[in-house]
Structures are given as C-alpha cells and as structure tokens.
Amino acid sequence: MTQKEKAKLVPVSREPALLTERDADKSPVLECIDLGITFGGLKAVDNFNVTIGRTEITGLIGPNGAGKTTVFNLLTKVYQPTHGTILLNGKDIHDLNTAQVNRAGIARTFQNIRLFGDMTVEQNITVAMDTQMHYTMPEGILRLPRFWKEEHVMHERAMELLSIFHMEDLANAKANSLPYGAQRRLEILRALATNPSLLLLDEPAAGMNPSETAELMENIRSIRDTFKIAVLLIEHDMNLVMNICEGIAVLNFGHVIAKGTPEDIQNNPEVIEAYLGKQKEA
Ligand SMILES: Nc1ncnc2c1ncn2[C@@H]1O[C@H](COP(=O)(O)OP(=O)(O)O)[C@@H](O)[C@H]1O
Ligand SMILES: [Mg+2]
C-alpha cells in the first residue's frame with residue numbers, strides 16, 4: 001500500500017468528520033463536538049469539530065493567534081470549554097481535570113519547553129510514570145522489595161523510551177544541560193511515559209535545524225507505529241506537516257476553515273488566502 005492510499009480519508013457518520021480508511025472501522029480516540037471557548041468577548045476557538053482516528057497523525061495548522069494552543073488547553077482541561085463536548089475514547093471528559101485527563105489518555109508537550117531543569121533526563125521521564133506505580137509511601141520510604149522492583153521497572157522503561165531518540169547516554173545529564181533539540185525530544189519522551197492513547201505535540205520542530213526536523217518527522221511516525229497511538233500535531237513547518245499528517249485541520253481566527261488530506265489542504269483557496277494574507281502583513 002502506498003502512503004497516499006493509506007492516507008485516504010473516508011467520511012464517518014458525524015459529518016464533517018473524516019478518518020483514514022485504516023481507522024474507519026475503529027472507534028475514534030477523540031471527538032470534539034462544537035467545542036469552543038470565549039475569553040471576555042473573544043471567541044478564541046469556536047465550533048471546533050474534529051474527530052481523530054485511533055492511529056492517525058493529524059495536523060492542526062493556522063497562522064499565529066489562530067487558536068491552536070488553545071485547542072490543546074481545552075483538550076487537557078487547562079481551560080474548561082465555554083461550550084461543546086470532548087469525547088476521549090468515547091467518554092465525555094467534562095468532569096475531569098488536567099491530571100485526570102492525562103490518566104485517561106491524553107499527554108502533551110508545550111510550545112515553550114517545560115522540563116524539570118535541575119533533574120536528570122531519566123528523572124524527567126520517571127516522574128511522569130509515578131501515577132502508574134503501586135508501591136505505598138511506607139514501602140518507598142523503607143525501600144521494601146516492591147519499591148525496588150518498581151524502581152527497576154521504571155528505570156528499564158525510561159531507558160527504553162530514551163532509546164527511541166538514541167539518548168540513553170544522556171540519562172544522567174541534567175535536563176537543562178541538553179541542547180535545545182534534545183530538550184524538545186525529552187519532552188516528547190516524558191509525555192509518552194504516561195502511556196497516552198493521544199499525544200499532543202505543540203510545535204515540536206520549532207527551533208530545530210532541518211536535519212533534526214527530518215529526524216523528528218521519522219520519529220513521530222515510528223512512535224505512532226510502535227505505540228499504536230494517535231498524534232495531534234501543531235506545527236508551522238509545512239514540509240513536516242504535509243509529509244507525516246494523514247488528516248489536517250486548518251484554524252483561522254478560531255474557526256476550522258478547512259479539513260482534509262494534505263493534498264486537499266494545499267489546494268484549498270481559503271487556506272492559501274489565510275497564509276498569503278499573513279505573508280502580506282509580515
Ligand atoms: N488565557 C487567555 N486569555 C485571553 N486570551 C487568550 C488566552 N489564551 C489565548 N488567548 C487568545 O486566544 C487567541 C488564540 O491564541 P493561541 O491559541 O495561543 O494561538 P496559536 O497557538 O494558534 O498561535 C489569541 O488571540 C490569544 O491572545
Ligand atoms: Mg500556539
């Protein structure tokens with residue numbers, strides 16, 4: 001099967017949702033229905049209807065200020081939506097807070113890197129696993145067998161995650177001593193450590209050089225293939241977006257102005273207008 005055939009989108013019952021043929025017979029990982037938020041008069045995101053298939057790489061693009069990061073903040077309950085519904089694995093997450101949404105399956109990285117700079121690379125990953133560990137506090141304090149067993153499991157799993165980016169040698173380095181690109185990669189690993197079914201990446205290639213970006217692109221694909229998870233990606237690097245995304249939604253002033261395959265998006269006059277309009281301003 002060629003890449004193009006794989007990425008063929010098919011309409012599903014709740015229009016105008018589109019899923020890849022590969023995921024069409026599985027329940028979607030995420031459904032946003034009429035999602036929106038208003039910040040004192042400003043509709044930062046309005047009528048956001050996007051469905052994401054179980055193993056899909058979806059792009060969320062649009063000019064600066066379009067509302068992309070706000071969508072991530074809604075999905076992770078940093079903000080409570082003003083209206084609309086979010087279904088994660090078919091369940092309404094209305095009553096969940098940020099930590100509960102993470103446990104339910106959404107993990108994210110941030111547009112501006114947020115790591116524990118003074119902690120080691122490995123510790124930055126293992127702290128994210130804490131919710132999955134079962135030793136009690138006394139077992140931890142007294143260093144009882146279950147504590148060591150779980151510490152060992154966490155170490156092994158952290159090393160496994162680090163191997164995705166060939167970063168095992170950096171396990172004991174302080175996070176803030178890493179070069180910028182490596183810090184971005186570590187953030188992705190920390191998000192993966194929480195075992196998400198949906199990984200949200202906010203401009204992962206920002207500040208990376210072309211060869212780092214090309215490598216990241218391959219890594220995002222292999223993360224999806226290895227973990228069989230969905231990825232929602234905000235990114236300005238159009239080469240990356242058009243190459244790895246199967247579905248793309250374009251936001252402009254809080255509205256989805258286009259949705260479809262990379263080809264649909266590249267040929268959409270409204271999208272071209274939104275981007276060219278922005279270039280003229282700049
Ligand atoms: N907490 C907030 N309070 C008020 N306005 C906000 C807040 N967060 C975002 N906005 C506004 O919402 C719009 C979308 O912002 P954002 O989602 O960060 O855009 P993008 O990530 O697409 O560049 C912007 O006009 C921004 O100023
Ligand atoms: Mg943003």
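Counting starts at 1 for both ligands and their atoms, in listed order. One-based numbering along the sequence shown.
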Original post:
Counting backbone and side chain alike, does Thr69 bring an N/O/S atom below 2.8 Å of the Mg ion (ligand 2)?
Top reply: yes

**OP:** Return a yes/no value: protein heavy atom under 4.0 Å from atom 27 (O) of ligand 1?
**Re:** no

Original post:
Under the 3.5 angstrom rule, does the side chain of Asn102 hit a backbone N or O of Thr98 as a donor-acceptor pair?
Top reply: no

Original post:
Just by distance, with hydrogens left out, do Arg103 and Asn195 show a side-chain donor and acceptor under 3.5 Å apart?
Top reply: no

Original post:
Quick check: does Phe39 get an N/O under 3.5 Å from an N/O on ligand 1?
Top reply: no

Subject >> Atom indices of ligand 1 within 4.0 angstrom of Ala44 heavy atoms, with elements >> reply: 12 (O)

Original post:
Tyr79 heavy atoms, cut-off 4.0 Å: which ligand 1 atoms fall inside?
Top reply: 1 (N), 2 (C), 7 (C), 8 (N)

Original post:
Do any N or O atoms from the side chain of Asn124 and from the backbone of Phe116 form a donor-acceptor pair under 3.5 angstrom?
Top reply: yes

Original post:
Is the closest N or O pair between Thr70 and ligand 1 shorter than 3.5 Å?
Top reply: yes

**OP:** Would you check if Met208 and Pro204 make a side-chain contact, meaning some heavy-atom pair closer than 4.5 Å?
**Re:** no

Subject >> Greater than 12 external heavy atoms within 6.0 Å of Phe253's CZ >> reply: no

Original post:
What residue and heavy atom of the protein are closest to atom 18 (O) of ligand 1, and at what distance?
Top reply: Thr69 CB, 3.8 Å

Original post:
If you count the atoms of ligand 1 from 1 in the order shown, which ones are under 4.0 Å from a heavy atom of Leu42?
Top reply: 11 (C), 12 (O), 25 (O)

**OP:** Could you tell me whether Tyr79 and Phe39 have their ring centroids closer than 6.0 angstrom?
**Re:** yes

Original post:
Sub-3.5 Å donor-acceptor pair from the side chain of His83 to the main-chain atoms of Asp34, do we have one?
Top reply: yes

Original post:
When you check the gap from the basic side-chain N to the acidic O, do Arg224 and Glu56 get nearer than 4.0 Å?
Top reply: no

Original post:
Any N/O of Gly65 closer than 3.5 Å to an N/O of ligand 1?
Top reply: yes

Original post:
With atoms numbered from 1 as shown, which atoms in ligand 1 lie under 4.0 angstrom from a non-hydrogen atom of Asn64?
Top reply: 23 (O)

Original post:
Is the Mg ion (ligand 2) under 2.8 Å from any N, O or S atom of Gln111?
Top reply: yes

